[in-house]
Amino acid sequence: MALLKFGSKNDTPTEVNPNVEAFLQGYSIEVMPRTAEKVEDFTALLPKGTRVYIAHIEGTPIEDMVATAKRISGEGFDVMPHFPARIIKDEATLGDWIARYQGEAGVDQALLLAGGVAKPHGDYHSSMQLLETGLFDKAGFKRLHTAGHPEPNTDIDPDGGRKNVNDALSWKQEFSKRTDAQMALATQFCFDSVPVIEWADSLVEMGIDIPVHIGIAGPAKLQTMIKFAIACGVGPSLKVLQKRAKDVTKLLLPFEPTQIITELADHKAANPNFNIEQVHFFPLGGIKTNATWAINNGGSSAIPAAQA
């Protein structure tokens, strides 16, 4: 079934793949304070109730993070700020962040991750340590997401294997039984459906029943996509981009997530118990560009709140 491509002069899709429409239901998207500032009105771009992750990059003041959370929450969206363990000095700092987000922006969701810093700034180096403090449960957080890795991550497993990642997953599985919060694995972005499906199925075999929110890179220039893929350690999926780069006629065209989303959506439709629950977008080419692609391809799942 044909899908409209981003960039069409017609903003209304003439035909939508029903599997893709269903797969994009409840999608989430990631922003940073500086990228959020460029968006005049999120309700003109995102569906009502969209979960908006706010990435906390090293050096970003907590005041900017909380202000962004307050603004986006005020527009009617669920806000999920990042809590990168390695940039949090101590338990007092963690408690202060939780209190600020909760008190000033009504936040009750968090993505806990190690963070892209080689040397911890303080007491923490992993998301598991943050969970172990019990501060999120004490504050009554309703959702706690942690990182998932469909492809081997050499920062965690230097030998290219999965032992450390899998040990962490088993720990999180046990923790999920102790917390009242809903949990999910939010993954790094991928470009190839095959390793994603294989990894998702392997979780079931391991006894991991935490739902997966699969990371997908939104439309962006191919050069931009390759740069981020290398920086983030994306492995097997990078071959998809490298193959595309060999075709000089496509170098200047935006790379879109249509193929991987369609393949995953079709797999989900054929296997309803498939453990990928939602799509999480990384808007590498811009928030508006990503939202426009979703609107053109997602049908009722992507109608902006302002138009609903």
Side-chain angles (χ1 to χ4, degrees), residues 1-30 44-52 148 150 184-201 211-222 225 229 234 236-237 239-241 243-244 247 249-250 253-308:
M1 183 174 290
L3 295 173
L4 282 183
K5 299 291 186 180
F6 172 75
S8 169
K9 294 181 180 180
N10 183 355
D11 289 334
T12 304
T14 56
E15 195 171 25
V16 172
N17 182 325
N19 291 346
V20 170
E21 183 176 28
F23 195 60
L24 290 181
Q25 181 67 43
Y27 80 79
S28 58
I29 195 166
E30 188 159 304
L45 298 175
L46 303 179
K48 182 179 179 180
T50 298
R51 181 177 299 110
V52 180
L185 300 175
T187 82
Q188 185 54 275
F189 54 83
C190 305
F191 303 102
D192 186 354
S193 65
V194 174
V196 169
I197 293 171
E198 291 176 349
W199 173 74
D201 288 345
V212 175
H213 291 198
I214 190 67
I216 298 290
K221 292 180 179 178
L222 185 59
M225 207 74 85
V234 174
S237 281
K239 295 177 181 178
V240 173
L241 301 183
K243 182 178 179 180
R244 171 74 174 257
D247 187 342
T249 65
K250 297 180 179 179
L253 298 175
F255 184 89
E256 300 180 344
T258 308
Q259 182 174 341
I260 183 172
I261 285 184
T262 300
E263 291 173 354
L264 291 174
D266 289 346
H267 186 80
K268 178 78 171 182
N271 303 273
N273 292 327
F274 186 47
N275 56 350
I276 290 185
E277 182 178 68
Q278 291 181 357
V279 170
H280 175 60
F281 281 116
F282 293 85
L284 303 186
I287 299 167
K288 184 176 181 180
T289 298
N290 200 143
T292 302
W293 182 90
I295 291 167
N296 284 347
N297 292 274
S300 62
S301 295
I303 297 173
Q307 298 176 21

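All values derive from a computational prediction rather than experimental measurement. Every heavy atom of this structure was used, including side-chain atoms; hydrogens, water molecules and symmetry mates were not. The first residue of the sequence shown is numbered 1, and numbering continues consecutively from there.
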S.K.: Would you sort out whether Asn290 and Phe282 count as a side-chain contact (heavy atoms from CB on, under 4.5 Å), showing the intermediate values?
M.R.: CA-CA 8 Å; Asn290 200 143; Phe282 293 85; over 6 Å; no

S.K.: Check for a donor-acceptor pair, side chain of Lys288 on one end and backbone N or O of Leu45 on the other, with a separation under 3.5 Å.
M.R.: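 Such a contact is absent between Lys288 side chain and Leu45 backbone.
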
S.K.: Which heavy atom in Asn19 sits nearest to a heavy atom in Ala269, and how many Å separate them?
M.R.: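 Asn19 and Ala269 have their closest heavy atoms at OD1-CB, 3.5 Å.
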
S.K.: Ser301: what forms a side chain to side chain donor-acceptor pair (under 3.5 Å) with it, not counting sequence neighbours?
M.R.: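 Per chain and number, Ser301 pairs via side chain to side chain donor-acceptor pair (under 3.5 Å) with Gln25.
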
S.K.: According to ring pair (Phe, Tyr, Trp, His ring centres under 6.0 Å), who are the partners of Tyr27, at least two apart in sequence or on a separate chain?
M.R.: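 By the ring pair (Phe, Tyr, Trp, His ring centres under 6.0 Å) rule, Tyr27 matches Phe281.
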
S.K.: Over all heavy atoms of both residues, which pair between Pro150 and Thr187 is shortest? Give the atoms and the distance, please.
M.R.: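 Smallest interatomic distance, heavy atoms only, reads CD-CB, 3.6 Å.
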
S.K.: NE2 of His213 to OG of Ser28: how many Å apart, nearest 0.5 Å?
M.R.: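 With rounding to 0.5 Å, NE2 (His213) is 7.0 Å from OG (Ser28).
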
S.K.: List the steps and the verdict of side-chain contact (heavy atoms from CB on, under 4.5 Å) for Asp266 and Asn17.
M.R.: CA-CA 10 Å; Asp266 289 346; Asn17 182 325; 4.2 Å; yes

S.K.: Can you see which heavy atom on Ala294 is nearest to which on Ala302, and at what distance?
M.R.: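 In terms of heavy atoms, the two residues are closest at O-CB, 3.2 Å.
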
S.K.: So do Pro257 and Pro219 actually touch side chain to side chain, heavy atoms under 4.5 Å?
M.R.: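 SC-SC contact between Pro219 and Pro257 confirmed.
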
S.K.: State, to 0.1 Å, how close Pro304 and Ile295 come at their nearest heavy-atom pair, and which atoms those are.
M.R.: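 For Pro304 versus Ile295, the nearest heavy atoms are CG-CD1, 3.6 Å.
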
S.K.: How many angstroms lie between CG in Asp192 and CD in Gln259, if you round to the nearest 0.5 Å?
M.R.: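 It is 8.0 Å, given to the nearest 0.5 Å.
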
S.K.: Between CD1 of Ile303 and CG of Leu46, what distance do you get to the nearest 0.5 Å?
M.R.: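 CG of Leu46 is found 13.5 Å from CD1 of Ile303.
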
S.K.: Rounded to the nearest 0.5 Å, what separation is found between the CD1 atom of Ile216 and the CD atom of Gln188?
M.R.: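 Here the rounded value is 11.0 Å.
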
S.K.: Tell me whether Asn275 contacts the main-chain N or O of Ala200 through its side chain, where contact means a donor paired with an acceptor under 3.5 Å.
M.R.: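 Judged by distance alone, yes, a pair lies under 3.5 Å.
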
S.K.: side-chain contact (heavy atoms from CB on, under 4.5 Å) for Val196 and Ile276? Distances and angles first, verdict last.
M.R.: CA-CA 9 Å; Val196 169; Ile276 290 185; 3.6 Å; yes

S.K.: Do Val212 and Phe274 have side chains that get closer than 4.5 Å, going by heavy atoms?
M.R.: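 When only atoms from C-beta onward are counted, Phe274 and Val212 do not touch, as no gap falls below 4.5 Å.
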
S.K.: Can you tell me how far the CD1 atom of Ile261 sits from the CD1 atom of Ile214, to the nearest 0.5 Å?
M.R.: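 Interatomic distance, Ile261 CD1 to Ile214 CD1, rounded to 0.5 Å: 10.0 Å.
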
S.K.: Once you round to the nearest 0.5 Å, how far does CD1 of Ile197 lie from SG of Cys190?
M.R.: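 Between atom CD1 of Ile197 and atom SG of Cys190 there are 11.5 Å.
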
S.K.: For Ser300, is there any backbone N or O sitting under 3.5 Å from a side-chain donor or acceptor partner on Glu21?
M.R.: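 Yes, the answer is positive, given that a donor and an acceptor are paired below the 3.5 Å cut-off.
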
S.K.: Side chain to side chain donor-acceptor pair (under 3.5 Å) with Asp201: which residues, sequence neighbours excluded?
M.R.: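 Counting only residues at least two positions away or on another chain, Asp201 forms no side chain to side chain donor-acceptor pair (under 3.5 Å).
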
